[in-house]
Undergrad: 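I have a structure here, written as structure tokens, and I will follow up with some questions on it.
One is the number of the first residue; the rest follow in order along the sequence. Order of listing sets the numbers, starting from 1, for every ligand and every atom in it.
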Amino acid sequence: MFTRAITKKPCRALVDGITTAMFGDGTPDYDEAVRQHDRYVQTLESLGLEVLDLDADERYPDSCFVEDPAVVMEKCAIITNPAKESRNGEKFEIIDAIRKFYRENQIFYIESPGTMEGGDVMRVGDHFYVGQSDRTNEEGLRQFKEIVSQFGYTASGVPVTEGLHLKDFVIYLEKGNMLVSPHMNEEPAFAEYNRFVVEPEELYAINSMNINGTVLVPEGFPETLRTIKELGYPTIVINNSEFAKIDGSLTCLSLRF
Ligand code: CIR
């Protein structure tokens with residue numbers, strides 16, 4: 001069960017966020033992004049989470065995507081080392097928030113030449129699948145494994161060849177169910193799970209998010225919504241259009257623990 005989340009308000013510089021336009025082009029509208037973010041925070045609260053919503057930081061256009069500079073779990077927190085220059089400093093800003101919930105001896109750091117972003121880290125029980133992507137390298141994975149193994153967790157790498165982060169192409173919905181891209185459906189690491197393939201036109205909806213049994217689904221993807229409902233999960237549809245324009249999806253906007 002999640003009891004807390006950390007989020008961070010979008011800044012006006014959001015319009016300069018990194019984008020490959022893989023989920024559609026256009027520049028995010030700041031006011032609409034703020035409204036969508038407020039609704040996101042309220043939704044987490046409605047599901048019982050206490051949310052620490054940090055102030056916007058104009059120095060880092062992508063800083064509302066707090067999932068990337070840290071990975072949190074019950075027994076420890078890891079400050080990552082974001083690969084992109086414009087995002088790397090976010091790791092220094094997230095530490096204060098992490099310190100509110102973790103003791104110093106529970107906080108660890110991915111160090112250069114290791115790189116990692118939380119969007120590449122997908123948890124299944126006490127195992128972490130770690131995307132090996134442009135943002136998370138082998139050395140990042142090695143350090144991550146070393147850290148989490150001290151606390152009884154395991155980790156393994158999965159190649160990400162389609163785009164940004166692992167969780168854009170596969171998401172664990174709990175109860176053995178996964179949403180996968182056609183390519184991830186072929187990934188041997190996921191062979192044992194019940195996989196539900198999301199077709200390319202609904203790719204953005206893979207990054208749906210299970211919060212204590214309810215699945216948040218981005219607005220505008222009827223097939224994926226139907227699949228998730230048919231699996232028996234209660235759902236809440238969330239409009240995330242302004243974040244999608246800069247490759248941001250639902251999980252990116254929070255750290256949950
Ligand atoms: C970036 O390219 O870093 C941001 N524009 C989007 C980050 C999305 N984060 C995530 O999926 N965890």
Undergrad: Is a side-chain N or O of Asn81 found less than 3.5 angstrom from the main chain of Gly140, in a donor-acceptor match?
TA: no

Undergrad: Taking only residues two or more places apart in sequence, or in another chain, which ones meet Arg39 in a salt bridge (charged side-chain N to carboxylate O under 4.0 Å, His left out)?
TA: none

Undergrad: Which pairs would a plain distance check flag for residues 119-126, meaning a side-chain donor or acceptor within less than 3.5 Å of a matching protein atom at least two apart in sequence or in another chain?
TA:
residue, atom, partner, partner atom, Å
Asp120, OD1, Leu166, N, 2.8
Asp120, OD2, Ser133, OG, 2.6
Asp120, OD2, Thr136, OG1, 2.7
Arg123, NE, Gly125, O, 2.7
Arg123, NH1, Glu74, OE1, 3.1
Arg123, NH2, Glu74, OE1, 3.1
Arg123, NH2, Glu74, OE2, 3.3
Arg123, NH2, Asp126, OD1, 3.1

Undergrad: Please determine if Lys8 forms a cation-pi arrangement with Tyr60, meaning its NZ or CZ atom is less than 6.0 Å from the six-membered ring centre and no more than 45° off the ring axis.
TA: no

Undergrad: Between Asn207 and Lys167, is there a donor-acceptor pair closer than 3.5 Å when you use the side chain of the first and the backbone of the second?
TA: yes

Undergrad: Could you give the N/O to N/O pairs under 3.5 Å linking ligand 1 and the protein, each with its distance?
TA:
residue, atom, partner, partner atom, Å
ligand 1, 2 (O), Arg135, NH2, 2.9
ligand 1, 3 (O), Arg87, NH1, 2.8
ligand 1, 3 (O), Arg135, NH1, 2.9
ligand 1, 5 (N), Ile18, O, 2.7
ligand 1, 5 (N), Asp62, OD1, 2.8
ligand 1, 5 (N), Ile246, O, 2.7
ligand 1, 9 (N), Asp68, OD2, 2.8
ligand 1, 11 (O), His165, ND1, 3.1
ligand 1, 12 (N), Glu67, OE1, 2.9
ligand 1, 12 (N), Asp68, OD1, 2.9
ligand 1, 12 (N), Asp68, OD2, 3.4

Undergrad: What pairs with Arg87 under salt bridge (charged side-chain N to carboxylate O under 4.0 Å, His left out), at least two apart in sequence or on another chain?
TA: Asp68, Glu90

